[in-house]
Peer 1: 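I am attaching a structure below and will ask some questions about it afterwards.
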Amino acid sequence: MTNGEIAEVFERISGLLEMKGEKSFTIRAYQRASRTIERLPTEVDAMVRNDEDLTEIPGIGKAISEKISELVNTGALQYLVRLKDEFPPGILDLMQIPGLGPKTTVRVWKELGVTTVDQLEAVVDDGSLAALPRLGKKSAENIRKSIKFARSKSDRVPIARAMSVTRQLTNSLREGCPGISQLIVCGSLRRFEETIGDVDLICVTEDGDKALNTLAELPDVADVLGHGGAKTSVVLKSGLQVDMRVTPADQLGAMLQYFTGNLQHNVMLRDRANSLGLSLNEYGLKDVETGDLETFVDEESLYDRLGMQFVPPEIRMGESEVSAALAGNIPKLVDVSDLKGDLHAHTDWSDGRDPMETMVEAAKARGLEYIAMTDHSVGRGIANGLSIERLKGHMALVREVEAAVGGIRVFCGTEMDIRADGSLDYADEILKELDWVVASVHSAMGQDAAVMTERVIAAMKNPYVSAIGHLSTRLIGERKPIEADYEAIFRAAADTGTVLEINGSLERLDLKDIHIARARELGAMLVISTDAHMTESLRNLDHGARQARRGWCEAKHILNTLDAKQFGAWLAMDKSERSIKSAAHA
DNA sequence: GCCGTTTTCGGCCCGACTGTTTTCAGTCG
């Protein structure tokens, strides 16, 4: 049973308990457990079988731990079975309709016999919903709109799409309201989550009403969900929800903190504030005794006032970061400015857009000290992969371009297919001529976990394979990751001296955050790469760095923070001798 | 249901907006 499936069970329990009217703290405990399990890098199933103590996991106590064991051992949970018996089947889907909370859901079921979305629509149409006490015509209309919205709306949006929509939106807002002095993207986008539920904006302006009205009246807005003096919520025609809050500049710190979240991080910070006799809200810190409000111009001063280190947005997940910040244990996370080179880039020799010289010039213009040209191997026929003859020409061109451009090292590389049977697309005699070999899975992605694990580890054992590219092969929101024993692969990476890539393409962000953290813990080396197919994509270094930050990486964990000289020394080592430390301060 | 430099019992974040109400419950984030 996967962590996702176990998390789903507890999510359903919390929903049913809400309808039952259970204590809110119990409900939250199940929700928290669900989130926690979803983000665990190791399989809970295996932990149970190995007899590990699940109550070591924060938010998992005796009761939930026992329920997990029952789930893993029997495949079912009697507690959930009994709970489900108290409600009609499918009623949890009803509660998914925006605006329909647990109370209203139970009312339409008990008072109108509604148990499905279709039946809900019927009681809206025939007026019986509006006739219920404490509901009315407006509530009914809102529910009608919500049903329509819920039917058309997809789930969370991949970050790449959310970013482009947000860029257009902020441009429109600035145009429509020149009085805006700052427009800051917060929420899951600022945390750099791989999928985004809605876009959260903070607007710093003297005239809040004007800014909020501008948002509500944008031509791109399909529906206004709420519109007051402090915030406005809209749904764009693209289906994306946007929430905007306004603040004066002198209170920006607390508003940034509040609107960046995540929820659990905020709860933990407010808990910390309480322990100091203070109460934290989006305006500042309120003294509980006197009611005086202390305001903050920036987040740094707010965290400092709470007696803790600043927590970078990318790791505000409500996990261990708050206790780490209180203890002074937040490391200096890697920054894009630490990256000295790029080790995964394509040219028009395979499926890239730009000539090699253009790519190298662009990398130099970005301030990079080195770049590896890694066009596809022969097996990628569809991507114009390089035959051995062409690869030799490619290598010759690398030397020419390096000399012609000057001031930047250019390495001969390849992105080589790991074939379905674990064999490689080029022979060792060819590979040993190359400086840098990225091996990637591009085919037979549906293999079962055992076969796939062996396939990848076989590639790692090759002495000339430098790195594994985009290990999971996922495309966020489009293609599922491969099934494999990631833990075993990370251990093999550390054992063999094979580097694991953090692919900075926004469509991939592969490895994912929890895998980065786990690979790092297990001692695997990591590299942040662009996988650029055109010069503009060299900016993927920014995305890759932010993804690495989500995995709590410091510069010392990332191979391409080495400068050109150090990296050259690293390359000169035998693979079995390679580690980042071995070259970093040579 | 979880958790503990204040606690093994008694706490558990905080506020905006809406609709149907004359003071607030429900929902959301």
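Chain identifiers are assigned alphabetically (A, B, ...) following the order of the sequence lines, protein sequences preceding nucleic acid strands; residue numbering begins at 1 within each chain. When reading the values below, keep in mind they use all heavy atoms of this one structure, side chains included, and skip hydrogens, waters and symmetry mates. The structure displayed is predicted, hence computed values, not measured ones.
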Peer 1: Between A:Asp53 (CG) and B:dC2 (C1'), how many Å, whole number?
Peer 2: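 After rounding, the gap between these two atoms is 14 Å.
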
Peer 1: Any Lys/Arg nitrogen of A:Arg518 or A:Glu521 sitting under 4.0 Å from an Asp/Glu carboxylate oxygen of the other?
Peer 2: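 Salt bridge: yes.
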
Peer 1: Evaluate the side-chain hydrogen bond (donor to acceptor under 3.5 Å, both in side chains) criterion for residues A:Asp53 and A:Thr55: first the C-alpha distance (whole Å), next the side-chain angles of each, then the deciding distance (0.1 Å), finally the verdict.
Peer 2: CA-CA 6 Å; A:Asp53 183 8; A:Thr55 64; 2.7 Å; yes

Peer 1: With a 4.0 Å limit, can you tell me whether A:Arg28 has a side-chain N or O closer than that to the phosphate oxygens OP1/OP2 of B:dC13?
Peer 2: yes

Peer 1: Could you tell me the separation between the CG atom of A:Leu276 and the P atom of B:dT6, rounded to a whole number of Å?
Peer 2: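 Going from A:Leu276 (CG) to B:dT6 (P), I get 11 Å.
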
Peer 1: For A:Leu278 and A:Ser275, take the nucleotide of DNA chain B holding the closest heavy atom to each; which residue's nucleotide lies nearer the 5' end?
Peer 2: A:Ser275

Peer 1: May I ask which nucleotide in the shown strands pairs with B:dG26, Watson-Crick or G-U wobble, both distances under 3.5 Å?
Peer 2: B:dC17

Peer 1: Determine the contact category for A:Tyr283: base if any of its heavy atoms lies under 4.0 Å from a base atom, sugar-phosphate if only primed atoms, P, OP1 or OP2 are that close, otherwise nothing.
Peer 2: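 The residue A:Tyr283 makes sugar-phosphate contact but no base contact.
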
Peer 1: With respect to the side chain of A:Lys231, which nucleotide from B:dA16, B:dC13, B:dG1 is positioned closest?
Peer 2: B:dA16

Peer 1: Going by side-chain hydrogen bond (donor to acceptor under 3.5 Å, both in side chains), A:Glu194 matches just one of A:Arg508, A:Gln547, A:Arg156, A:Arg474. Which one?
Peer 2: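 Result for side-chain hydrogen bond (donor to acceptor under 3.5 Å, both in side chains) with A:Glu194: A:Arg474.
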
Peer 1: Classify every nucleotide of nucleotides 19-27 of chain B by which part a protein heavy atom approaches to under 4.0 Å, writing B for the base, S for the sugar-phosphate alone and - for neither, in 5'-to-3' order.
Peer 2: BSS---SSS

Peer 1: Could you tell me whether A:Lys62 and A:Glu66 have a side-chain N and a carboxylate O separated by less than 4.0 Å?
Peer 2: yes

Peer 1: For residues 284-301 of chain A, please give each side-chain donor-acceptor pair under 3.5 Å, one per line with the distance, not counting sequence neighbours.
Peer 2:
from	atom 1	to	atom 2	distance (Å)
A:Asp287	OD1	A:Glu289	N	2.8
A:Asp287	OD1	A:Thr290	N	3.1
A:Thr290	OG1	A:Asp292	N	3.1
A:Thr290	OG1	A:Asp292	OD2	3.3
A:Glu294	OE1	A:Arg305	NE	3.0
A:Glu294	OE2	A:Arg305	NE	3.2
A:Asp298	OD1	A:Ser301	N	3.0
A:Asp298	OD1	A:Ser301	OG	2.8
A:Glu299	OE1	A:Arg190	NH1	3.3
A:Glu299	OE1	A:Arg190	NH2	2.8
A:Glu299	OE1	A:Arg316	NH2	3.1
A:Glu299	OE2	A:Arg190	NH1	3.1
A:Glu299	OE2	A:Gln257	N	3.3
A:Glu299	OE2	A:Arg316	NH1	2.8
A:Glu299	OE2	A:Arg316	NH2	3.4
A:Ser301	OG	A:Asp298	O	3.0

Peer 1: Between the side chains of A:Glu22 and A:Lys20, is the shortest nitrogen-to-carboxylate-oxygen separation below 4.0 Å, so that they form an ion pair?
Peer 2: no

Peer 1: Just by distance, with hydrogens left out, do A:Glu38 and A:Ser34 show a side-chain donor and acceptor under 3.5 Å apart?
Peer 2: no

Peer 1: Suppose you measure atom C1' in B:dT23 against the same atom in B:dT18; what distance do you get, rounded to whole Å?
Peer 2: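 Straight-line distance between the two C1' atoms is 15 Å.
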
Peer 1: Which whole number of Å gives the distance between the C1' atom of B:dC9 and that of B:dC17?
Peer 2: 37 Å

Peer 1: Quickly work out the A:Lys286 NZ to B:dG15 P distance and round it to whole Å.
Peer 2: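 Distance, rounded to whole Å: 5 Å.
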
Peer 1: Using a heavy-atom cut-off of 4.0 Å across all strands, would you classify A:Gly229 as base, sugar-phosphate, or nothing?
Peer 2: sugar-phosphate

Peer 1: Can you check the distance between B:dG15 and B:dC3, where both ends of the measurement are the P atom (answer in whole Å)?
Peer 2: 26 Å

Peer 1: Looking for any heavy atom pair under 4.0 Å, which part of the strands does A:Ser279 touch: base, sugar-phosphate only, or nothing?
Peer 2: sugar-phosphate

Peer 1: Measure CD1/A:Ile27 against P/B:dC12 and give the value in whole Å, please.
Peer 2: 17 Å

Peer 1: Quantified in whole Å, what is the C1' atom distance between nucleotide B:dC14 and nucleotide B:dT22?
Peer 2: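 Rounded to whole Å, the distance is 25 Å.
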
Peer 1: Atom CZ of residue position A:Arg39 - does it have more than 12 heavy atoms of other residues, nucleotides or ligands inside 6.0 Å?
Peer 2: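 Check passes, neighbour count above 12.
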
Peer 1: In whole Å, measure the gap between the P atoms of B:dC12 and B:dT7 for me.
Peer 2: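 Going atom to atom, P in each nucleotide, I get 16 Å.
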
Peer 1: I want to confirm an ordering. Mapping A:Asn274 and A:Thr232 to their closest nucleotides on DNA chain B, which one lands closer to the 5' end?
Peer 2: A:Asn274

Peer 1: Rounding to an integer number of Å, can you tell me how far A:Leu263 CG sits from B:dG15 C1'?
Peer 2: 13 Å

Peer 1: Round to a whole Å and report the spacing from CE of A:Met244 to C1' of B:dG29.
Peer 2: 17 Å

Peer 1: With a 4.0 Å cut-off, would you call A:Arg151 and A:Asp118 a salt bridge?
Peer 2: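 Looking at A:Arg151 and A:Asp118, the cut-off is met.
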
Peer 1: Go through it in stages, so that I can follow the logic: the residues are A:Arg82 and A:Glu86, the test is salt bridge (Lys or Arg N to Asp or Glu O under 4.0 Å), and I'd like the CA-CA distance, side-chain angles, deciding distance and then a yes or no.
Peer 2: CA-CA 7 Å; A:Arg82 284 197 304 273; A:Glu86 298 179 40; over 6 Å; no

Peer 1: Could you tell me how far B:dT6 sits from B:dC2 if I compare only their P atoms? Round to whole Å.
Peer 2: 23 Å

Peer 1: In whole Å, what is the span from the CD atom of A:Glu22 to the P atom of B:dC12?
Peer 2: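 Value for this atom pair: 18 Å.
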
Peer 1: Roughly how far apart, to the nearest Å, are B:dC28 and B:dT20 at atom P?
Peer 2: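 To the nearest whole Å, 16 Å.
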
Peer 1: Check whether any side-chain N or O of A:Lys23 sits under 4.0 Å from OP1 or OP2 of B:dC2, and answer yes or no.
Peer 2: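 Checking A:Lys23 against B:dC2: no side-chain N or O falls below 4.0 Å of OP1 or OP2.
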
Peer 1: Would you measure the distance from the P atom in B:dC24 across to the matching atom in B:dG10 and give it in whole Å?
Peer 2: 29 Å

Peer 1: Which one, B:dG29, B:dC17, B:dG15, comes nearest to the side chain of A:Glu282?
Peer 2: B:dG15

Peer 1: Is there any protein nitrogen or oxygen under 3.5 Å from a nitrogen or oxygen in nucleotides 3-5 of chain B, and what are the pairs?
Peer 2:
from	atom 1	to	atom 2	distance (Å)
B:dC3	OP1	A:Gly59	N	2.7

Peer 1: Need one value for A:Asn281: base, sugar-phosphate or nothing, where a base atom within 4.0 Å counts as base even if backbone is also close, heavy atoms only.
Peer 2: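 The answer is sugar-phosphate, as A:Asn281 gets under 4.0 Å only of primed atoms, P, OP1 or OP2.
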
Peer 1: What is the distance, rounded to the nearest whole Å, between atom CD of A:Glu66 and atom C1' of B:dC2?
Peer 2: 14 Å

Peer 1: State plainly whether the residues A:Arg144 and A:Glu141 are in salt-bridge range, i.e. N to O under 4.0 Å.
Peer 2: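 So A:Arg144 pairs with A:Glu141 through a salt bridge.
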
